[in-house]
Protein chains: 2
Amino acid sequence: MSNPLTMKLEQFTRFSIAERARLDALAAHPTQTFATGQVILSEGQKAGSIHLVLSGFALRSKTLQDGSRQILAFLIPGDLCDIEVFVLQGMDHDIVAMERTICTLIPIGEMERLLSEYSTLTRALWWSTMTDSAVLRSRIIGQGRRDARERMAHIFYEVLIRYRMIGQGAGDGYSFPLTQQDLADATGMTPIHANRTLQQLRSEGLVEFAIGRLRVLDADGLKQAARFESNYLHLDRTERDADVSGRAGDLA
Amino acid sequence: MSNPLTMKLEQFTRFSIAERARLDALAAHPTQTFATGQVILSEGQKAGSIHLVLSGFALRSKTLQDGSRQILAFLIPGDLCDIEVFVLQGMDHDIVAMERTICTLIPIGEMERLLSEYSTLTRALWWSTMTDSAVLRSRIIGQGRRDARERMAHIFYEVLIRYRMIGQGAGDGYSFPLTQQDLADATGMTPIHANRTLQQLRSEGLVEFAIGRLRVLDADGLKQAARFESNYLHLDRTERDADVSGRAGDLA
DNA sequence: CGTCGGATTGAAGATACTCAACATGAGTGG
DNA sequence: CCACTCATGTTGAGTATCTTCAATCCGACG
């Protein structure tokens with residue numbers, strides 16, 4: 001079966017049989033399972049292997065000296081936690097599992113071999129890191145120029161799209177195991193204000209946010225509320241997000 | 001003479017004579033000069049060559065439909081505007097020159113050859129994009145968890161450090177050709193509030209901000225005011241920022 | 001049944017925004 | 001040389017958004 005990384009990268013490239021097999025084989029490596037709340041990688045750490053999320057949900061977070069925390073990104077299946085190890089000396093933030101999360105550990109050497117062997121893969125991975133950067137930029141725009149409601153809607157919508165990229169989130173919502181406190185740390189507000197903002201989105205009939213799960217009731221409305229601009233995700237081969245209510249099946 | 005890209009990358013790697021020569025030779029390519037305010041690359045555009053800033057000052061900016069603008073990053077000599085062209089279909093934001101700015105245009109093919117030829121360079125460039133991401137993340141932290149004064153101080157300090165990485169900014173401040181409107185767009189405030197925040201930093205004796213030029217009067221104070229955390233820049237070979245008042249000369 | 005983490009509500013206060021006026025300086029045309 | 005415009009910077013006053021500090025509620029779990 002196709003691993004979620006393959007699925008994600010296929011948004012961008014069409015792989016040969018050999019490349020695809022090689023990529024899928026990554027999931028065969030030994031895995032490590034992390035419990036809810038467990039730290040996958042902590043600031044300063046430099047692991048000997050690269051962590052690929054196979055299933056579950058994790059996030060990048062940074063805690064400042066005064067205790068305030070900022071959530072930087074969400075990691076869903078198919079995301080690499082730390083390709084940075086290739087070149088940087090250590091993590092500059094933490095990665096924490098928000099539900100039972102399984103990672104494949106890819107030895108650095110193995111990854112290096114893979115990259116030198118298949119230049120298509122190198123490009124695909126590069127694409128992946130570039131779109132990650134684009135997501136970071138879009139979040140800066142959000143924090144700088146969007147109000148609380150728009151920011152929260154934007155996060156919900158972005159995660160929805162990303163789930164759909166790996167062929168999930170079509171049914172009744174998707175796994176989004178955050179507390180309102182976490183949500184506040186992601187959007188840069190206080191938990192109180194996050195609560196009220198959430199209530200607003202609920203009352204507008206856009207989303208339902210039960211603990212651990214988000215259900216998008218009105219995707220178009222949510223997109224509008226977020227003032228979402230689609231182009232930054234650089235989806236080459238997909239329908240983009242014109243039809244989010246649509247079929248997950250034909251992404252593969 | 002060494003081009004600013006070489007200088008920057010040497011923060012991370014030590015190059016062989018051949019590699020260094022090859023890298024320096026990039027500056028020999030045809031250049032293009034942009035006037036103040038001129039758009040170097042605009043959203044949606046996909047140029048046939050990669051733009052490397054040789055001298056001047058530019059920024060990445062994104063204008064939303066409602067006219068509000070967010071400045072995403074500053075580009076100083078040694079920065080690449082659009083390595084993304086390798087893998088993405090086009091720019092998702094604009095790049096604008098803020099003073100007379102000279103770019104080398106490196107044909108994509110040439111860059112590809114360079115990368116396949118010298119794996120050290122590939123790594124070094126990878127390091128560069130990774131640190132760029134780290135800067136983006138730090139800005140998210142800023143927008144989310146720092147107040148106006150801290151945000152502005154942070155931007156000033158970050159640019160100071162980055163200038164020092166390329167061996168500049170030691171004397172009486174550095175080129176920072178922004179209006180208060182631009183500063184507001186970078187920090188996510190209104191120009192009025194940017195003005196007042198700036199006045200505060202001035203009255204505290206931390207900086208002087210004449211038009212087009214920033215002078216840091218009290219680097220340590222500024223760092224403190226920004227609640228700056230040094231590690232995210234991943235400076236391997238330099239003194240980091242322990243001694244910002246110090247000597248630019250021995251960076252090379 | 002009590003405790004505990006999360007969610008929710010209220011009210012007061014701070015930070016940052018809006019709107020509007022005014023100052024300053026560079027550049028332009030009469 | 002002066003009047004004019006225009007972009008930038010500055011200041012004031014009123015307002016909105018978001019925060020702080022409480023208190024309360026609720027369901028899960030021992």
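No experiment lies behind these values; they were computed from the predicted model shown. Letters go in sequence order (proteins before strands), and every chain restarts at 1.
What separates CD1 of A/Ile192 from P of C/dA7 is a distance of 12 Å, to the nearest Å. Rounded to an integer number of Å, the gap from CZ of B/Arg145 to P of C/dT15 is 16 Å. Following rounding to the nearest Å, A/Asp182 (CG) and C/dG6 (P) show an atom-to-atom distance of 8 Å. Distance A/Gln143 CD to D/dT17 C1': 15 Å, rounded to the nearest Å. Following rounding to the nearest Å, B/Met98 (CE) and D/dT8 (C1') show an atom-to-atom distance of 13 Å. Atoms CD (A/Gln180) and P (D/dC25) sit 18 Å apart, rounded to a whole Å. Spacing between atom CG of B/Leu198 and atom P of C/dA16 amounts to 14 Å, rounded to whole angstrom units. Separating the CG atom of B/Asp66 from the P atom of C/dC17 is a distance of 14 Å, rounded to the nearest angstrom.
Under a 3.5 Å cut-off, the side chain of A/Thr197 and the backbone N or O of A/His193 do form a donor-acceptor pair. Between the side chain of B/Arg151 and the backbone N or O of B/Thr187, at least one donor-acceptor pair lies under 3.5 Å.
Between C/dA16, C/dT18, D/dT20, one nucleotide has an atom nearer to the side chain of B/His193 than all others, and that is C/dA16. Between C/dT8, D/dG9, C/dA16, one nucleotide has an atom nearer to the side chain of B/Ala148 than all others, and that is C/dA16. The side chain of B/Arg202 lies closest to D/dT10, out of D/dT10, C/dT8, D/dT8. Side-chain proximity of B/Gln199 to D/dT10, C/dC17, D/dC18: nearest is D/dT10. You'll find that the side chain of B/Arg196 is closest to D/dA13, out of C/dT8, D/dG9, D/dA13.
When only modelled atom types and interatomic distance are considered, A/Glu99 and A/Ser175 share a side-chain donor-acceptor pair under 3.5 Å.
The residue A/Arg146 sits apart from the nucleic acid: no heavy atom pair falls under 4.0 Å.
Take the nearest nucleotide of DNA chain C for B/Gly188 and for A/Asn195: the residue whose nucleotide is more 5' is A/Asn195.
Classified by interplanar angle (parallel below 30°, tilted 30° to 60°, perpendicular above 60°), the ring pair A/Phe176/A/Phe156 is perpendicular.
Shown here for B/Arg146 and B/Arg227, the closest heavy-atom pair between the two residues is NH1-O, 2.9 Å.
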